[in-house]
Amino acid sequence: MAAPARTEVIETPKPLVAVPVEVPSASIEVTEPPKGRRNRILALVVAAAAVAGSLVWVFEHGRESTDDAQVDSDVVSVPARLGGIINKVEFVENQRVTAGQELATIDDAVAKAKLAQAEAALLQAIANADAADANASLAERSAVGNKSASRANLAGSVVGEKTSAEQLNEGQAQLASADAQLTQAKQDAERARTLAQSNAVSKAQLDQTETQLRLADSNVALAKARIETLKSSVIAAHSRVDEASARAAQNSDVSSSVKQARAQADAARAQVKVSIALRDLAALDLSYTKILAPMAGVVSKKSVNVGQGVAAGQSIVALVPDQMWITANFKETQIGDMRVGQPVKIEIDAFSGKKLEGHIESLSGGTGSRFTLLPPDNASGNFTKVVQRLPVRVKIDHIPDGLPLRTGLNAVVTVDTRVQPTSK
């Protein structure tokens with residue numbers, strides 16, 4: 001503080017004039033009590049701290065930040081889907097690849113031979129199926145024809161049986177007539193013999209009656225023999241009826257015969273489908289001799305070379321896709337106001353000055369400790385409370401072109417919890 005100016009009076013004989021003289025304040029030392037200075041400095045410090053605290057509160061209130069965050073992404077192990085010898089490698093370590101790009105090839109001689117074998121088996125199965133279809137159609141027509149023929153044969157056999165029975169009846173009538181004629185001839189012969197003894201009839205008449213008697217006896221024998229023949233015919237006709245009836249019954253179930261033939265044809269067609277599946281599997285194995293990139297990204301950790309043998313399922317390289325996100329592990333005391341969709345500021349340690357923007361995509365279903373191999377058991381005897389951290393997935397809204405973002409890089413994440421996203 002500047003000291004007040006003092007005025008000195010200089011005496012002169014005549015007249016007396018008062019002249020003001022300015023004395024610089026620096027020339028006068030003013031001593032101030034030390035306690036007042038300290039109080040003033042302390043007041044200034046307190047005021048500055050209050051202003052700084054107010055600014056921090058204004059600019060940082062409602063924002064949660066953590067440096068426990070890393071760039072994250074999927075890491076896909078690209079496997080050899082078929083065992084064999086590697087004869088070509090089409091990539092180098094840390095190369096960027098596109099989806100479907102050929103990475104390596106396996107010797108395909110065995111796979112081609114298996115495919116040719118499967119195709120030949122398919123052709124044979126198709127031929128067998130065609131033959132089975134033809135046999136089924138033929139069996140259907142044969143079954144219908146056999147049924148009609150057996151029915152006609154049965155009808156003919158029945159008619160033949162009736163005819164034989166009628167002929168037997170006719171023969172029996174003829175036998176009865178022959179018996180009657182024989183009886184009459186015997187009587188005529190007896191009368192002729194009696195009359196011949198008294199010379200009432202001539203010798204010629206007697207011979208004629210004897211001839212008639214022998215003829216009638218022959219007719220009876222003939223009629224009896226014919227009856228025996230007709231009886232045999234009736235028995236044979238009855239047997240033919242039984243046989244025709246059995247054949248008709250056997251051939252009457254046309255549907256069963258047709259079903260059996262159709263079942264054989266269906267089995268042949270099913271074998272064709274099996275052969276097609278085997279052919280497709282062989283073709284698939286042949287395609288597996290080319291190992292392709294499942295998606296676009298960067299391939300690292302190359303573990304295969306030309307001439308090396310690989311087994312099915314063995315990884316040949318690790319592929320890191322282009323899609324990346326941030327996994328930020330916030331303390332449990334920080335996530336109370338966090339919601340999906342809130343904006344996020346991202347700073348990557350590897351790229352100083354580069355600031356990215358994103359938003360919360362999801363919050364983990366549990367803290368990190370719950371997903372460890374041996375989760376903590378707080379029900380045990382001694383318990384020490386430890387602040388837990390919850391993984392929060394942050395989606396990067398835009399990654400600038402030419403920014404070589406890599407998984408695992410450290411980041412600093414700040415979430416603006418003042419923004420309350422609208423629920424959809």
Side-chain angles (χ1 to χ4, degrees), residues 128 130-268:
N128 292 338
D130 292 340
D133 286 338
N135 290 335
S137 299
L138 180 60
E140 183 176 2
R141 291 193 297 270
S142 298
V144 174
N146 291 338
K147 181 179 180 180
S148 301
S150 61
R151 285 182 176 179
N153 189 24
L154 176 60
S157 299
V158 170
V159 172
E161 183 183 22
K162 290 181 179 179
T163 301
S164 298
E166 291 174 356
Q167 289 176 351
L168 178 61
N169 293 332
E170 182 182 357
Q172 289 175 346
Q174 291 176 354
L175 176 60
S177 176
D179 284 339
Q181 292 177 359
L182 177 60
T183 301
Q184 182 65 37
K186 286 180 178 179
Q187 292 175 356
D188 292 342
E190 287 293 334
R191 285 194 296 269
R193 291 190 193 103
T194 303
L195 292 174
Q197 290 177 358
S198 60
N199 294 319
V201 293
S202 62
K203 179 65 173 172
Q205 291 177 337
L206 178 60
D207 292 340
Q208 185 177 3
T209 56
E210 291 292 340
T211 301
Q212 292 292 332
L213 176 61
R214 288 192 297 272
L215 181 60
D217 188 56
S218 297
N219 289 335
V220 168
L222 181 61
K224 287 181 178 181
R226 187 167 184 272
I227 286 176
E228 294 299 327
T229 301
L230 291 175
K231 284 182 178 180
S232 299
S233 298
V234 170
I235 293 173
H238 185 70
S239 298
R240 286 193 296 271
V241 169
D242 292 340
E243 182 180 359
S245 178
R247 288 184 179 276
Q250 182 180 3
N251 295 324
S252 62
D253 193 5
V254 176
S255 60
S256 297
S257 301
V258 173
K259 284 181 179 179
Q260 183 179 4
R262 285 297 175 190
Q264 294 175 351
D266 292 341

Problem set entry | Spatial distance of atom CG (Asn128) from atom CG (Asp133) [nearest 0.5 Å] | 11.0 Å
Exercise. Ala132 and Ala268: which non-hydrogen atoms are nearest, and at how many Å?
Worked result: CB-CB, 3.8 Å
For this session: Check whether any side-chain N or O of Ser177 sits under 3.5 Å from a backbone N or O of Ala173 as a donor-acceptor pair, and report yes or no.
Result: no
For this session: Measure across Arg262 and Ser137 and return the closest heavy-atom pair with its distance rounded to 0.1 Å.
Result: NH2-OG, 3.9 Å
